[in-house]
**Q** 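Quick one: structure below, then a few questions.
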Amino acid sequence: MENIEPKSLNFIEQIIEKDLSEGKNGGVVYTRFPPEPNGYLHIGHAKSICLNFGLGAKYHGRTNLRFDDTNPTKEEDEYVQSIMEDVRWLGFQWEGEPRYASDYFEQLYLWAEEMIQRGLAYVDDQTSEEISAQRGTPQKPGIFSPFRNRSVEENLDLFRRMKAGEFPDGSRVLRAKLDMASPNMQMRDPVMYRILHSSHHRTGNKWSIYPMYDYAHGQSDYLEGITHSICTLEFENHKPLYNWFLDQIADVNHVRPQQIEFARLNLSYTIMSKRKLLELVEKKIVSGWDDPRMPTISGLRRRGYTPESIRSFADRIGVAKRDNIIDVGLLEFSVRDHLNKVAPRVFAVLDPVKLTITNYPSGSSEWLEIENNPEDPQSGSRKLEFGPNLFIERDDFMENPPNKFFRLGPGREVRLKGAYIIKCEDFIKDENGVVVEILCTYDPTTKSGEGQSRKVKGTLHWVNADKAVDAEVRLYDRLFNDEDPAGHKDLDFLDFLNPDSLQILNNCKLEPTLQNANPEDKFQFQRLGYFSVDKNSSQDHLIFNRTVPLKDSWVKQSK
RNA sequence: UGCCUGAUAGUGUAACUGGCAACACGUCUGAUUCUGGAUCAGAAGAGUUCAGGUUCGACCCCUGAUCGGGCAACCA
């Protein structure tokens with residue numbers, strides 16, 4: 001059934017629909033996602049991926065994956081592999097083979113030679129410091145390079161020798177001859193090529209010169225027939241240059257890409273800069289790019305996020321041009337929303353305390369039928385063995401509970417989920433005053449699902465102490481305790497690290513059905529939250545990562 | 001002091017292109033519940049940065065201010 005809700009269009013969709021209605025680009029929509037393989041993709045990239053691939057799909061167009069690999073000093077194949085994996089995992093498929101800017105090095109070079117012939121580019125022998133100094137400031141115009149008026153022949157000769165590897169790194173660059181007085185800094189004779197004797201992850205040592213982003217990007221879009229080249233706001237100032245480079249090669253009969261900028265994603269309590277994320281990895285503040293606390297796609301995956309939840313998040317945050325900081329709460333809402341529908345409910349006690357049912361026939365047990373997910377009737381049920389020796393959550397018992405505490409306390413009654421109503425008769429403390437065992441009686445007439453028994457306020461989860469399996473559970477919290485850790489002028493983002501971002505629990509007791517859980521399997525630990533099996537988990541040593549806790553209106557109320 | 005760009009509830013995004021501001025998250029009630037989850041019902045919360053102008057009528061158009069973001073890598 002078609003949803004005929006007239007969902008409003010974001011500004012990019014409006015542009016596209018206008019183009020379409022005017023018959024621009026022959027009615028074609030062709031987008032691209034152009035990551036630089038110099039790090040792992042993060043949730044901000046996910047926004048861009050969903051945008052670009054989403055637009056391609058929505059308008060029956062196509063979307064390329066293109067690696068913007070013009071800087072061999074920073075790029076590695078490891079990143080290429082992880083990026084492809086992440087894009088696929090998110091559920092998108094790029095058109096044909098992945099593309100690489102390096103596929104176009106030859107063509108780019110030829111066009112550069114043409115520009116030299118037409119007097120539009122020149123070789124500059126100065127150092128980067130000298131060039132930088134001559135560029136002026138946003139307020140003051142720059143001045144001409146002393147090499148700006150070299151002859152075409154000399155420029156061509158020098159450029160070819162740069163290519164041939166005759167000169168050391170940094171000794172010369174090729175610059176576009178534009179306007180040193182332009183109020184737009186990008187237009188002040190930007191560098192097109194620099195010398196880099198560095199091995200490239202794909203072209204090896206074939207090239208000793210590499211094109212700069214501004215020169216390579218638009219031309220690559222052009223070569224691929226991209227119609228809508230979507231990038232983030234910081235490239236707004238580059239648009240005139242993007243268009244200028246295109247002007248030098250564009251054929252009127254060829255699709256001409258247009259650059260459209262949108263505001264990148266910012267998430268509260270997290271950092272999004274690849275450089276800073278790299279720093280966390282290199283300083284071993286996190287275990288790696290896929291540490292579950294990282295906002296990387298691989299980190300979120302390991303944390304237990306689903307592709308669906310990330311896509312619906314991207315959908316919810318929208319696309320616009322104004323700077324934004326999205327509340328991480330919205331991301332968390334998105335996972336809960338999805339996992340609530342699909343994650344099987346299981347019993348897990350993270351901080352166990354012994355509970356003994358004193359009137360239960362000793363030595364006996366019984367099998368109880370427990371539904372797997374009340375939100376999903378298709379999910380069926382499973383059987384759990386119930387007996388007199390149990391574990392419950394330490395939090396679920398209080399020696400002197402307040403009135404609103406709907407759990408266990410001396411003389412209080414509570415239901416054990418899927419089992420019976422029990423009453424706390426007594427409890428035992430050790431010499432340190434720590435409760436070590438709770439003694440209860442159960443009411444055999446209150447078995448779950450049988451008749452309409454009386455109601456009690458609270459329901460607890462439990463595990464059978466004789467059958468439980470052990471597990472390690474990792475509780476994650478936000479990595480930073482400041483809303484905008486990178487937004488402080490005189491303070492480093494590392495000053496805001498949350499010391500409690502990871503809490504490892506080693507004495508957790510799980511229902512036995514979890515013994516065979518596999519990495520990335522997702523569950524709702526009843527009453528606690530959503531948990532996902534870590535990639536390093538094994539049957540001998542189960543490890544679960546907490547994706548996100550359940551909403552808890554008790555903690556709010558109790559404080 | 002230059003150029004580019006943006007400004008709508010706490011946060012994000014809308015408003016059929018001029019017809020007295022909606023949706024989501026969050027918050028707060030209440031119902032329901034064998035998860036203090038989910039679900040359901042409801043409420044509070046902005047008069048659209050400010051000041052002028054055009055108009056019968058302005059979030060939308062014009063003028064001017066204010067505030068925010070970006071730009072001076074041989075990074076992308």
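Quantities reported herein were computed from a predicted structural model and do not represent experimental measurements. For the numbers below, each heavy atom of this structure counts, side chains included, while hydrogens, waters and symmetry mates do not. Sequence lines set the chain letters: A, B, ... in the order given, protein chains first and strands last, and positions in each chain run from 1.
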**Q** Can you figure out which of B:A72, B:G26, B:G36 approaches the side chain of A:K551 most closely?
**A**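 Out of B:A72, B:G26, B:G36, the nucleotide with an atom closest to A:K551's side chain is B:G26.
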
**Q** Does a side-chain N or O of A:R194 approach OP1 or OP2 of B:C75 to a distance below 4.0 Å, or not?
**A**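 For B:C75, OP1 or OP2 has a side-chain N or O of A:R194 closer than 4.0 Å.
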
**Q** Can you tell me which residue among A:F159, A:F167, A:Y210, A:F105 is in a ring-ring contact (aromatic ring centres under 6.0 Å, His included) with A:Y193?
**A**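 The single option meeting the ring-ring contact (aromatic ring centres under 6.0 Å, His included) with A:Y193 is A:F159.
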
**Q** What I want to check is whether the side chains of A:Q134 and A:D189 have a donor and an acceptor closer together than 3.5 Å.
**A**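 The answer is no; no qualifying pair exists.
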
**Q** Centres of the A:Y242 and A:H238 rings: under 6.0 Å?
**A**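 No, the ring centres sit 6.0 Å or more apart.
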
**Q** Of the nucleotides B:U35, B:G36, B:C71, which one has an atom closest to the side chain of A:Q186?
**A**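 In terms of side-chain proximity for A:Q186, the closest of B:U35, B:G36, B:C71 is B:C71.
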
**Q** Can you tell me how far P in B:G64 sits from the matching atom in B:C28, rounded to whole Å?
**A**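 It works out to 46 Å between them.
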
**Q** Tell me whether A:W554 is stacked on the nucleobase of B:G36, counting only the six-membered base ring and applying the 5.5 Å and 30° thresholds.
**A**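 Aromatic stack with B:G36 present for A:W554.
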
**Q** Which one is paired to B:A58, where only Watson-Crick or G-U wobble pairs with both distances under 3.5 angstrom count?
**A**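 The answer is none; no pair meets the criterion.
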
**Q** Stepwise, does the salt bridge (Lys or Arg N to Asp or Glu O under 4.0 Å) test hold for A:E234 with A:R264?
**A** CA-CA 9 Å; A:E234 66 267 31; A:R264 63 163 2 119; 3.0 Å; yes

**Q** Closest to the A:P183 side chain: B:A76, B:G2, B:G36?
**A**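 Nucleotide nearest to A:P183's side chain: B:G2.
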
**Q** Taking only N and O in the side chain of A:R345, is any of them less than 4.0 Å away from OP1 or OP2 of B:A38?
**A**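 So the side-chain polar atoms of A:R345 never come under 4.0 Å of the phosphate oxygens OP1 or OP2 of B:A38.
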
**Q** Between A:D323 (CG) and B:U11 (C1'), how many Å, whole number?
**A**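 After rounding, the reported distance stands at 14 Å.
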
